[in-house]
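Numbered from 1 within each chain, the chains take letters A, B, ... in sequence-line order.
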Amino acid sequence: MKNFKVLLLMRSLVRRYCMTSSVIAACPQSFLKKNSRQAGMTENVSLLIAIVLFAVLLPLIFAGAAPAELTINANHDYITIDFFYHGRAVGVRGISEPGTDIVIKITSPEGHQALNKKGKAAGFLWMNMGTLKFEHAPNLYFIHSTKKPDEILSAEEMNKYVIGYPSMNKHIEITPVSNDEERTKWFNEFIRYKEASKLYAASSGRIKITNESGRQKYYIQTDWPYQAPPGEYLVTVYAVKDKKVIEKAETKVTVEQAGIVKALSGMAKSNGALYGIISIVAALGAGFGVGMIFGKGGGTH
Amino acid sequence: MYLYLPVALTSINILIPVGLGLVVGLLSGLFGVGGGFLMTPLLIMFGIPSTVAAATDSTQIVAASTSGTYAHWKVGNVDFKMGFHLLIGGFVGGLLGVQGIKILKVMGNADFVIKMTYVLMLGIVGTYMFIESIQSMRNKKVEESKPEKKSGFSRFLKSLPFQTHYEKSGVTHSALVPIIFGGFVGVLAAVMGVGGGFLMVPVMAYILKMPMHVIVGTSLFQILFNCIEVTFLQAYTNHNVDFILAVLLLLGSTVGAQVGAVFGRKLKGEQLKVILAVIVLVVTVKIIFELTLTPSLFLSQAGGH
């Protein structure tokens with residue numbers, strides 16, 4: 001498509017050049033004739049010249065667009081949750097400018113999360129002591145980088161792109177907390193809770209970088225956790241140089257339920273009454289069924 | 001082998017719920033308890049969200065108690081009349097208990113009251129059952145003098161109106177007695193978010209003076225109806241019942257309940273009470289540890305107790 005546009009552009013340039021230029025040699029003789037038939041021929045010839053020029057200049061055009069484009073590709077961009085789903089291994093790969101560091105961020109959309117906080121009641125009994133609200137917090141957040149983010153990025157850049165837990169700390173709003181110390185404590189607990197649920201992860205040095213014929217390739221294999229609920233997840237790669245993000249590219253991973261899982265989950269939400277009745281009937285049926293089997297099997301006196 | 005649970009939104013090794021079902025079903029058939037006080041925390045431990053664990057457990061109990069009631073009914077150990085009277089009380093008590101929780105939540109200390117009620121009730125019931133059954137196992141002669149010892153309370157119960165004979169249990173009580181005590185258990189069960197079998201069994205043993213084998217069958221019968229109601233409400237209003245998890249649990253629990261009922265017939269009433277008392281006390285100690293030891297995580301999913 002891009003190449004076709006270039007071709008059209010060249011054709012119009014050739015035509016304009018022939019119309020205005022006195023360089024007859026470059027233009028066909030027929031140009032000088034004035035009838036309409038000849039004008040149509042001019043059109044064809046200009047197209048022909050454009051094609052020739054295009055073919056000759058093609059390598060030069062691409063050589064001119066030299067800045068290595070950052071690409072990203074996830075091997076599973078559509079994950080279906082079926083009956084036997086137990087998470088997936090997701091590989092993220094792409095090409096980046098040689099010499100750049102790479103940061104890969106996988107997130108779910110930001111949202112609101114409410115969690116029970118444990119505290120000491122009556123001075124010695126651990127129990128739930130109210131709820132904490134976390135605003136602008138994604139349910140899932142994976143951050144992988146070639147080196148530690150604070151070694152390759154300035155604090156401003158990390159905060160701008162929400163790269164790393166410290167920048168996440170500045171990004172999330174936690175209520176109610178009375179001071180910064182309490183806020184930091186609950187943020188750290190939030191990360192521990194999320195990591196225990198396999199929904200947050202951070203690593204550095206796990207991205208593999210290879211250089212092939214002047215191109216830098218990156219690759220990381222991550223375990224997509226079965227705890228991640230259905231939804232759309234954004235995978236972003238940042239190319240980093242001189243403490244700055246110089247380029248970023250994005251792709252999406254969609255997680256969706258399918259088959260029996262989808263049917264049951266949908267029914268539980270949209271038709272609770274029928275779902276409840278079916279559950280009860282199935283439970284009663286199973287209870288009686290097993291009772292009768294055992295009864296016949298001599299389970300009674 | 002792993003299966004994905006569509007409502008719990010997690011994946012689980014099928015041996016875990018089937019195994020848990022088998023163990024808890026066994027207790028159900030043996031003692032006439034639903035086993036929610038064991039099953040719900042275990043499911044949470046294996047990564048099931050607390051709200052789904054409680055709701056799905058009630059579905060599983062429907063199956064286990066149907067299987068258990070059927071087994072006990074076949075040998076004539078279900079007192080339907082007593083079961084209905086306890087159910088009436090339990091139903092009214094449950095409604096009152098739910099209102100009670102609302103009031104506690106407004107007052108802001110619901111969790112503390114719920115936990116303390118749970119620990120105290122488990123501790124008191126467990127200790128009392130344990131001591132009483134050990135004593136009566138040691139010297140059976142004491143039983144002769146027992147009716148005179150509690151004659152004050154017994155006379156009060158006898159003076160109540162609507163006296164009726166419960167044939168299967170071989171006792172005569174005012175119909176108000178099971179209704180009121182059923183109601184009392186219903187209030188506590190609703191407050192604690194459990195079925196209340198471990199409270200109902202001692203009420204039947206010590207207040208209604210029913211024989212232990214009839215207690216187990218009758219308790220299962222009334223638990224069955226309670227859990228049908230709870231399953232429906234949980235599915236209808238909270239959408240928290242996981243059908244796949246319930247099926248895996250009931251595969252174990254329906255068989256466990258049958259095995260429990262068979263074993264139960266081989267044990268004496270006092271032996272059953274002692275074992276149940278020990279289980280209740282172990283659970284009490286576990287909860288006390290949970291309350292006093294520093295937790296590994298200070299945040300948990302909102303929505304459960």
Query - chain B contact via A:D82 - side chain, backbone, both or neither, heavy atoms under 4.5 Å - result: backbone
Query raised in the report: Any idea which of A:A114, A:A273, A:A282 has the most non-hydrogen atom pairs under 4.5 angstrom with chain B?
Result: A:A273
Requested in this report: Check whether B:L224 gets within reach of chain A through its side chain, its backbone, both or neither, counting any heavy atom under 4.5 Å.
Outcome: side chain
Requested in this report: Name the member of A:E189, A:Q113, A:K262 that forms the most heavy-atom pairs with chain B at distances under 4.5 Å.
Outcome: A:E189
**Report entry** Crowding at CZ, B:F80 (>12 non-hydrogen neighbours, <6.0 Å)
**Finding:** yes
Just distance, no hydrogens or angles: give the donor-acceptor pairs under 3.5 Å from side chains in residues 238-253 of chain B, sequence neighbours left out.
residue: B:N238; atom: ND2; partner: B:Q234; partner atom: OE1; Å: 3.0
residue: B:H239; atom: ND1; partner: A:A268; partner atom: O; Å: 2.8
residue: B:H239; atom: ND1; partner: B:A235; partner atom: O; Å: 3.4
residue: B:D242; atom: OD1; partner: B:I244; partner atom: N; Å: 3.2
residue: B:D242; atom: OD1; partner: B:L245; partner atom: N; Å: 3.2
residue: B:D242; atom: OD2; partner: B:V7; partner atom: N; Å: 2.8
residue: B:D242; atom: OD2; partner: B:A8; partner atom: N; Å: 2.7
residue: B:S253; atom: OG; partner: B:Q60; partner atom: OE1; Å: 2.9
residue: B:S253; atom: OG; partner: B:L249; partner atom: O; Å: 3.4

Requested in this report: Would you check if there is a donor-acceptor pair between the side chains of A:N128 and B:K115 at a distance under 3.5 Å?
Outcome: no
Query - Which portion of B:Y4 sits near chain A, non-hydrogen atoms under 4.5 angstrom - result: both
Report task. Pick one of side chain, backbone, both or neither for A:L125, based on which atoms fall under 4.5 Å of a heavy atom in chain B. Result -> both
Query - Ring-ring centroid check A:Y226 A:Y85, cutoff 6.0 Å - result: no
Query raised in the report: Is a side-chain N or O of A:T80 found less than 3.5 angstrom from the main chain of A:Q257, in a donor-acceptor match?
Result: no
Query - Charged N-O contact under 4.0 Å between A:K185 and A:E182 - result: no
Query raised in the report: Are A:E156 and A:K160 ion-paired here, with the side-chain N under 4.0 Å from a carboxylate O?
Result: no
Query raised in the report: Relative to chain A, which segment of B:S65 carries a heavy atom at a distance below 4.5 Å: side chain, backbone, both, or neither?
Result: neither
Requested in this report: Among A:Q227, A:R192, A:K117, A:M267, single out the residue with the greatest number of heavy-atom pairs under 4.5 Å to chain B.
Outcome: A:R192
Query raised in the report: Side chain, backbone, both or neither: which part of A:L274 has a non-hydrogen atom closer than 4.5 Å to chain B?
Result: neither
Query raised in the report: A:P230 versus chain B, heavy atoms under 4.5 Å apart: side chain, backbone, both or neither?
Result: side chain
